[in-house]
**Q** 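What follows is a single structure, and I will ask about it in a moment.
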Amino acid sequence: MAFIFEEPSRTFNEYLLVPGYSSSECIPEKVSLKTPLVKFKRGEEPALSLSIPMVSAVMQAVSDDGMAVALAQEGGVSFIYGSQTIEDQAAMVRRVKDHKAGFVVSDSNLTPSATLADVLDLKEASGHTTMPVTENGRSNGKLLGIVTGRDYRVSRMDPATPVTEFMTPFENLIVGGPETTLKEANDIIWDKKLNSLPIVDENQNLMYLVFRKDYESHKSNPLELLDDHKRYVVGAGINTRDFAERVPALVDAGVDVLTIDSSEGYSEWQSRTIDWIRAHYGDSVKVGAGNVVDAEGFRFLAEAGADFVKVGIGGGSICITREQKGIGRGQATALIDVARARDEYFEETGIYVPVCSDGGTVYDHHVTLALAMGADFIMLGRYFARFDEAPNNKVVVNGQHMKEYWGEGSSRARNWQRYDLGGKKKGMTFEEGVDSYVPYAGSLHDNVAITLAKVKSTMCNCGALSIAELQKKAKLTVISSTSIVEGGAHDVVLRDKSAVK
């Protein structure tokens, strides 16, 4: 008969942290959430670390270049979704790397024949107010002028007015050349009191724009995650089918870390993928693997050479793998089992392979629970899908602002490679994900700040100033169903906040 685990499979909701001694030195401002992203040897530092223990999921509804920039500014990493063409995914990675260099490729451009009406339409579509006018209307065309919000007044101008009549012409622009460094560009912006500085080549062709706001953003985001060239760190998802073509394209685009995106990682296909990457790139290309839910799965991927291991099958809010196939494990139980295996592997080999908890995170306090249970960082989908920076559409459902959210195993995404079990057949036989909505929550920056404030506060309650210290000191207790009820507001009639003045 089948092997049967004696302990039940538990979720985060079934646990609480028991407070420990907290000294006067243990205050949220002193808590560090820095955590390793990739494996390292005892006594050494990891090649990549996160400033915050949060990464965004490899999903169409979550992780594109916009999300990657926003999350890197906070200190985390996005894994840009792989269920798109190799060229499109590489282009997203490239845009992230170009963005942080401070030299932004303009994506809101006008031709000389454009009118004020075109300017307003482009502003509405892109949200941008700085629009280069190039000879061919392309981002790398000959720069003829710049249109900004200060160049026109809608109430006093005919919408048919050509941009050539109100743009700032090239001869009146202050520009930088191909050799201009980011520091020099920022110095020019400040000295000349500019909002942006066009960078052109020797033939007057537009190369980049450098914005004042990017400098200010850097100053206001001390935890932002940068590579050695001061560019944002970005990840990308790959599959076990076309990795020989996809990986080189992503590496050429500048990707910092990869992860094999699969619903089940304990397979020969994953080891083959890692073997190919090691044969062609050695250890220079970092690649995580997964997903697994027990010690055996972790050990397999660690020995295969994975740089980190993702834990979780069927726990995502849009995942129906457990319903469809009857396979998976409660996220808390899976994470505890894998983290224990990670520690044993480290003791045996001296190699620390970080563990990523992927799925089952519903509330902010689940992040802290996952860290206490041994996770080095958390992969989140629904959480990030709610924000402005996610690529999914914002809609109104029953009078409430929502954002569309769909699984990679849904008919909408049709990411069959994620659920591939080998063989010649290509395509989805049945769904393992749903198409849904999540409540719109506003900006990533504001929400992440609130979540991390809760995490730091709870860590202080446990007497911990780092994630490693939390894992050492944390005490967890299993709770009953009635304890869950007791833990929330109960036996009262809640006041309507809108009625309180």
Side-chain angles (χ1 to χ4, degrees), residues 36-42 44-50 55 58 63 65 68 72 77-98 100-101 225-262 265-292 298-310 342 345 349-356 376-377 379 417-418 420 422:
L37 176 59
V38 297
K39 68 181 179 184
F40 59 95
K41 294 180 180 179
R42 182 183 283 113
E44 298 181 356
E45 288 294 315
L48 288 171
S49 293
L50 298 163
V55 300
V58 192
S63 298
D65 49 305
V77 167
S78 281
F79 286 89
I80 292 176
Y81 69 93
S83 51
Q84 58 179 320
T85 67
I86 294 172
E87 294 75 17
D88 287 346
Q89 189 185 24
M92 285 188 180
V93 170
R94 194 170 287 109
R95 285 198 292 272
V96 177
K97 305 308 287 188
D98 287 344
K100 185 47 215 168
L225 211 58
L226 308 176
D227 65 16
D228 293 336
H229 301 286
K230 306 299 182 184
R231 303 175 301 176
Y232 286 133
V233 172
V234 59
I238 61 173
N239 62 68
T240 57
R241 282 277 185 172
D242 65 7
F243 56 84
E245 295 78 35
R246 191 173 292 270
V247 172
L250 294 171
V251 171
D252 288 344
V255 75
D256 297 280
V257 57
L258 302 170
T259 187
I260 303 172
D261 182 33
S262 173
Y266 192 1
S267 75
E268 182 180 346
W269 306 108
Q270 295 229 351
S271 62
R272 286 186 184 183
T273 303
I274 297 171
D275 286 345
W276 186 92
I277 291 173
R278 296 292 175 245
H280 288 79
Y281 296 97
D283 291 326
S284 65
V285 171
K286 307 302 181 183
V287 55
N291 287 19
V292 297
F298 170 84
R299 173 72 65 155
F300 172 79
L301 291 177
E303 293 178 346
D307 284 294
F308 63 85
V309 173
K310 289 192 296 168
R342 183 265 324 277
Y345 187 78
T349 66
I351 299 173
Y352 187 92
V353 182
V355 166
C356 168
D376 295 282
F377 55 96
M379 178 170 277
Q417 293 94 336
R418 188 178 196 278
D420 184 33

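The structure presented is a predicted model; accordingly, all values stated were derived computationally and were not measured.
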**Q** Is any side-chain heavy atom of V257 less than 4.5 Å from a side-chain heavy atom of D307?
**A** no

**Q** For side chain to side chain contact (heavy atoms under 4.5 Å, CB included), just list the numbers for T259 and F308, CA-CA rounded to whole Å, side-chain angles, deciding distance to a tenth of an Å, and then say yes or no.
**A** CA-CA 8 Å; T259 187; F308 63 85; 3.7 Å; yes

**Q** Between D256, V234, V233, which is the residue that forms a side-chain contact (heavy atoms from CB on, under 4.5 Å) with V96?
**A**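 Result for side-chain contact (heavy atoms from CB on, under 4.5 Å) with V96: V234.
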
**Q** If I take atom CD from residue Q270 and atom CD1 from residue I260, how far apart are they, to the nearest 0.5 angstrom?
**A** 4.0 Å

**Q** Mind checking side-chain hydrogen bond (donor to acceptor under 3.5 Å, both in side chains) for Q89 and listing every partner two or more places apart, or none if nothing turns up?
**A** R246

**Q** With R272, which residues qualify under salt bridge (charged side-chain N to carboxylate O under 4.0 Å, His left out), at least two apart?
**A**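 Listed in chain order: E268.
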
**Q** Under the rule for side chain to side chain contact (heavy atoms under 4.5 Å, CB included), what residues qualify as partners of A302, not counting sequence neighbours?
**A** F298, Y345, V353

**Q** Using side chain to side chain contact (heavy atoms under 4.5 Å, CB included) as the criterion, list what pairs up with E45, not counting sequence neighbours.
**A** none

**Q** When rounded to the nearest 0.5 angstrom, what is the spacing between OG1 in T349 and CZ in R42?
**A** 7.5 Å

**Q** Listed by chain and number, what are the side chain to side chain contact (heavy atoms under 4.5 Å, CB included) partners of A47, not counting sequence neighbours?
**A** V38, K286

**Q** Looking only at heavy atoms, what is the nearest atom pair of G235 and V77, with distance?
**A** N-CG1, 3.7 Å

**Q** Can you list everything that forms a ring pair (Phe, Tyr, Trp, His ring centres under 6.0 Å) with F300? Sequence neighbours excluded, please.
**A**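 Checked F300 against ring pair (Phe, Tyr, Trp, His ring centres under 6.0 Å); matches are Y266.
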
**Q** What heavy-atom pair brings V285 and R278 nearest, and what distance separates the two atoms?
**A**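 Residues V285 and R278, closest heavy atoms: O-NH1, 2.9 Å.
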
**Q** Suppose we screen for side-chain hydrogen bond (donor to acceptor under 3.5 Å, both in side chains). Which residues come up paired with S63, at least two apart in sequence or across chains?
**A**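 Scan of S63 (side-chain hydrogen bond (donor to acceptor under 3.5 Å, both in side chains), adjacent residues dropped) gives S56.
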
**Q** Checking D376 now: which residues fulfil side-chain hydrogen bond (donor to acceptor under 3.5 Å, both in side chains) with it, not counting sequence neighbours?
**A** R342, Y352

**Q** Between P354 and K39, is there a side-chain heavy-atom distance shorter than 4.5 Å?
**A**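 Touching, per the 4.5 Å side-chain cut-off.
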
**Q** Can you sort out the partners of D227 under salt bridge (charged side-chain N to carboxylate O under 4.0 Å, His left out), two or more places apart, ordered by chain and number?
**A** K97, R231

**Q** Please examine the side chains of D261 and K310, heavy atoms only from C-beta on, and report whether any two atoms are closer than 4.5 Å.
**A** yes

**Q** What is the minimum heavy-atom distance between A304 and I274, and which atoms define it?
**A** O-CG2, 3.2 Å

**Q** Write down the atom of A253, the atom of A90, and the distance for their closest heavy-atom approach.
**A**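 Of all heavy-atom pairs spanning A253 and A90, the closest is CB-O, 3.4 Å.
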
**Q** Does the pair L225 and Y232 meet the rule for a side chain to side chain contact (heavy atoms under 4.5 Å, CB included), with working shown?
**A** CA-CA 6 Å; L225 211 58; Y232 286 133; over 6 Å; no

**Q** Measuring from N291:CG to C356:SG, what's the distance to the nearest 0.5 Å?
**A**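 With rounding to 0.5 Å, CG (N291) is 7.5 Å from SG (C356).
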
**Q** Just to verify, what does R94 make a salt bridge (charged side-chain N to carboxylate O under 4.0 Å, His left out) with, not counting sequence neighbours?
**A** none

**Q** So which heavy atom on L250 is nearest to which on A236, and how close?
**A** CD1-CB, 3.9 Å

**Q** Who are the side-chain hydrogen bond (donor to acceptor under 3.5 Å, both in side chains) partners of D88, not counting sequence neighbours?
**A**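 D88 satisfies side-chain hydrogen bond (donor to acceptor under 3.5 Å, both in side chains) with T85 only.
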
**Q** How would you list, by chain and number, every residue that makes a side chain to side chain contact (heavy atoms under 4.5 Å, CB included) with F243, sequence neighbours excluded?
**A** V247, T273, W276

